[in-house]
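Inspection log for the structure reproduced underneath, given as structure tokens.
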Number of protein chains: 2
Amino acid sequence: MTEVAQQVGVSPITVSRALNKPEKVSEALREAILKAVEETGYVPDFAARALASRHSNLVGVLTSLLGSAIFPPVMRGLEDRARDSGIRLQYANTRYDPKEEIYQLKQFYGQNPTGILIGGVQMDPGVMDMLSRAPCPVVQFIDITMPPVDMAIGINNAAAATTATQHLLSQGYRRIGFAAARLDIPVRMRLSGFQHTLQDAGIFDPNLIFLTGGDTVIPAASRVLDGLFAAAPDLDAIFCATDEMATGLLFECQRRGISVPDQMGLCGFTGLEFSGYTVPALTTVQTPLYDLGFKGLDMVLRTRAGRPTPKILDLGFQLITRDTTRRTGG
Amino acid sequence: MTEVAQQVGVSPITVSRALNKPEKVSEALREAILKAVEETGYVPDFAARALASRHSNLVGVLTSLLGSAIFPPVMRGLEDRARDSGIRLQYANTRYDPKEEIYQLKQFYGQNPTGILIGGVQMDPGVMDMLSRAPCPVVQFIDITMPPVDMAIGINNAAAATTATQHLLSQGYRRIGFAAARLDIPVRMRLSGFQHTLQDAGIFDPNLIFLTGGDTVIPAASRVLDGLFAAAPDLDAIFCATDEMATGLLFECQRRGISVPDQMGLCGFTGLEFSGYTVPALTTVQTPLYDLGFKGLDMVLRTRAGRPTPKILDLGFQLITRDTTRRTGG
DNA sequence: TTGTAAGCGTTATCAG
DNA sequence: CTGATAACGCTTACAA
């Protein structure tokens, strides 16, 4: 920066101003400075900037879903909102591990973050404690019926699961299983909606819940079918906690010659891009993933700007009935 | 940090040492300091640390594939290599836009990065120029036959495509199309291998190349089939630049009642987790994605440590023949 | 093994 | 509108 300043014949602070508060520098000087910046290939040092100004314009996004097909639309929303706001986005993968969450939170806290967006994995006390100490606004991607540490955005998972389960019942399915990779918070809420709906109908069977564990969803589909059929040979439908699970099960049914939707109904969750394109097309609960990113970051930026912001934002959901639950018989 | 130092009754520099070079501090003091760190909830300021020490332990990962199904295994490799190395990983999405690449590179350069890993999108001169000025080791995820700015890791895409195309020919397919979202570098090399193989066989038709453009691959499958069939009503196979494209085309063939593999052969590329589970299972070229991440970061860390490192690392590939090219007739 | 002094590159504050 | 000065929180270099 000193080099740029010397080249133009001004003091470093003027260069700083030309870059950060252009309106405070005369136009002629500003142009000369920007030209010199180009020529010298000057790149500002963010560490020094953050140290001196005490803010980093860095927003951290922590999630276990960074490597999942759910995340790309969220990312598009985040990035569209970040564009032209001066905010830098930094993603970190927490891999369903509270230790990793705490470690990554420390990494962010050490950078004077402007905001933290975190996918609610589980209510680990260490993580909650850490979050409550955050030096910045925190938005949790989580079920909106949970009390957030600071702010929350998401949907009412139990209500969505209830809607989906009622749809399965309305199509005549009666022996309905539940399949998920793991019981993170949103999935737990989905299970709860599923369970209550079936209990109300008098047909809930706790043996028909299958968790695969592990990272890979689609290859686990075979184990899911084995497990559920062992518990109920007359199984006729599966409510899946994610579209990936539903897709894997669809493939596995095809492989075994089980006809979908007649012998087996399948319902997914969080409509992924491809779920409308499988054959048969997947019934699913669509959630506004793009908005999750866009509006989630918006909550942080509004808070920072001191503008009024709801603490909890319900994005709503939509059941999309397609072919995997459309019984021709009844 | 001063607070921690006062609580223990030492100078700040001793706290710094206890944290960064524990072996240089007596054990008693070290324990007392670590305890005080816990109690006070002290989190080091990375900006100050980077400013003073002139290194950030930050490795930037730039890619257009951050939101793609290809990336999760790469990410696992990166994170496994980063674990316990003190390295922080930061991902940025470049969205196939050279402007975005340059912007993100600037963001990283401003942080004294320890290394940059970048997915080679296209040889944009501005990006290349920027990369050649990098203040750290740079590893390009790219075709290994391209000269890298610094280091490169990947496969020989043309050779892999040649192998796959020869397989299609050996199965008796003759009117073979090529489908891709866009011609980034690796895909261009695949096209080149595809083209040369068909030219050698005397059956290359330049009209049978279809690019969808855009972000969404699977929904575009219908347009691909329309376009290719318009060019060649007797089309009998499609070599797809990615598994996602192949999966979309498989669904679309099923929808149209085109039997795969008999009426239409389909071959994908970069074996994703799910490609072995579609029905029929997808023939594809498997590439070692986990290693791409693990060994890519390893190249950076070896370079930093002054250990000998190849400039170009060929990870190899493997053709996996499955059902979408296994003609029962011939 | 521990402490002192100086400085990393930038911006806040206050003066001109 | 521009500049001088001090400070941000930490680490390097050197000294005790």
Side-chain angles (χ1 to χ4, degrees), chain A residues 1-37 40-58 86 88 106-114 135-136 304, chain B residues 1-37 40-58 86 88 106-114 135-136 304:
Chain A
M1 189 157 111
T2 317
E3 189 190 333
V4 173
Q6 280 180 344
Q7 187 170 329
V8 184
V10 294
S11 76
I13 183 65
T14 306
V15 175
S16 168
R17 274 199 276 259
L19 259 33
N20 299 314
K21 297 166 182 172
E23 74 282 0
K24 299 211 144 194
V25 172
S26 70
E27 196 179 318
L29 216 48
R30 185 170 63 233
E31 279 175 17
I33 289 172
L34 293 181
K35 184 157 154 282
V37 165
T40 55
Y42 164 75
V43 177
D45 183 320
F46 290 101
R49 189 175 268 185
L51 185 58
S53 71
R54 274 165 295 279
H55 50 73
S56 60
N57 287 331
L58 179 77
R88 296 182 290 144
K106 273 193 192 146
Q107 297 290 337
F108 283 120
Y109 290 2
Q111 296 179 74
N112 269 306
T114 297
C136 61
R304 182 178 67 150
Chain B
M1 188 157 113
T2 317
E3 189 189 334
V4 173
Q6 280 179 345
Q7 186 168 330
V8 184
V10 295
S11 73
I13 183 63
T14 307
V15 176
S16 167
R17 275 198 277 255
L19 259 34
N20 300 314
K21 296 165 182 171
E23 75 282 1
K24 298 213 147 194
V25 173
S26 71
E27 197 178 319
L29 216 46
R30 184 170 63 232
E31 278 175 18
I33 289 172
L34 294 180
K35 184 156 154 283
V37 164
T40 55
Y42 164 76
V43 177
D45 182 320
F46 289 102
R49 191 175 266 186
L51 186 58
S53 70
R54 272 166 295 278
H55 50 73
S56 60
N57 287 330
L58 179 76
R88 296 181 290 145
K106 273 192 193 145
Q107 297 290 339
F108 283 120
Y109 289 2
Q111 296 179 77
N112 269 308
T114 297
C136 61
R304 183 178 67 150

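As a basis for the values below, the full set of heavy atoms in this structure was taken, side chains included, without hydrogen atoms, waters or symmetry mates. Protein chains get the first letters and strands the later ones, always in sequence-line order, with residue 1 at the start of each.
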B:H55 has an atom NE2; how far is it from atom P of D:dT11, in whole Å?
10 Å
Could you tell me the separation between the CZ atom of A:F46 and the CD atom of B:Q107, rounded to the nearest 0.5 Å?
4.0 Å
Would you check if the side chain of A:S56 reaches a backbone N or O of A:A50 as a donor-acceptor pair within less than 3.5 Å?
no
Is any side-chain nitrogen or oxygen of A:K21 closer than 4.0 Å to OP1 or OP2 of D:dC1?
no
What does the B/S/- profile of nucleotides 2-10 of chain C look like, 5' to 3', with a 4.0 Å heavy-atom cutoff to protein?
BBB--BBBB
Using modelled atom types only, decide if a donor and an acceptor are shared between the side chain of B:T40 and the backbone of B:A36 within a distance under 3.5 Å.
yes
Rounded to whole Å, please give me the gap between CG in A:N112 and C1' in D:dC10.
13 Å
Partner set under side-chain contact (heavy atoms from CB on, under 4.5 Å) for B:E27, not counting sequence neighbours
B:R30, B:E31
Within this structure, what is the CG-to-C1' distance between B:N57 and D:dT11, rounded to whole angstrom?
13 Å
Roughly how far apart are A:T114 OG1 and A:N57 CG, rounded to 0.5 Å?
5.0 Å
Closer than 3.5 angstrom, by distance alone: can the side chain of B:S53 be matched with the main-chain N or O of B:R49 as a donor-acceptor pair?
yes
Over how many whole Å does the gap from B:L19 atom CG to D:dT11 atom C1' extend?
12 Å
